[in-house]
Amino acid sequence: MPWKDPGNWISAELMAPILSFVLALFRAMYQDNEPSWLKRITEAAMCGMITLSVGYGIDAMGLDGDWEFAAAGTIGFLGVDYIKTLIKKFLIKKVDGGEK
């Protein structure tokens with residue numbers, strides 16, 4: 001029964017952002033740090049979009065597609081605010097040449 005195998009009807013490029021979305025939504029519900037459902041859904045959607053972008057980057061680097069799921073879990077668990085902070089720190093170091 002080929003329809004029972006998820007690999008036949010959904011690709012890793014779509015499954016990883018969905019995993020990130022669900023994980024981020026569960027994290028927001030568990031931590032109860034987002035007061036409204038709209039903010040929880042928005043946070044989860046942004047995690048899914050970041051994961052999609054990272055997944056395309058992983059493909060472009062020629063890495064195995066399983067790394068997309070590792071990225072999805074990490075991004076979904078950490079959340080958008082933490083990822084944003086990491087990226088800002090990285091960019092400031094690169095722009096300033098490490099002088100901070």
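Bear in mind the structure is a predicted one, so any value in this text is a computation, not a measurement.
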With hydrophobic residues grouped by side-chain heavy-atom distances under 4.5 Å, do [X] and [Y] end up in a single group?
X	Y	value
M61	I50	yes
L91	V54	yes
V22	W37	yes
L14	L63	no
F26	I75	no

Can you name the one residue among I87, V80, D81 that meets side-chain contact (heavy atoms from CB on, under 4.5 Å) with I83?
I87
Rounded to the nearest 0.5 Å, how far does [atom2] of [Y] lie from [atom1] of [X]?
X	Y	atom1	atom2	value
K84	M46	NZ	CE	8.5 Å
E68	Y56	CD	OH	8.5 Å
F21	M49	CZ	CE	9.5 Å
M15	F69	CE	CZ	5.5 Å
K93	K88	NZ	NZ	16.0 Å
T85	L78	OG1	CG	10.5 Å

Charged N to carboxylate O under 4.0 angstrom, R27 versus D32?
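D32 and R27: not salt-bridged.
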Grab the two heavy atoms, one from A71 and one from I58, that are nearest each other, plus how far apart they are.
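Shortest heavy-atom contact: CB-CD1, 4.1 Å.
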Between G73 and L19, the two heavy atoms sitting closest are N-CD2, 4.5 Å
Would you say the side-chain atoms of S20 pair up with the backbone N or O of C47, donor to acceptor, closer than 3.5 Å?
yes
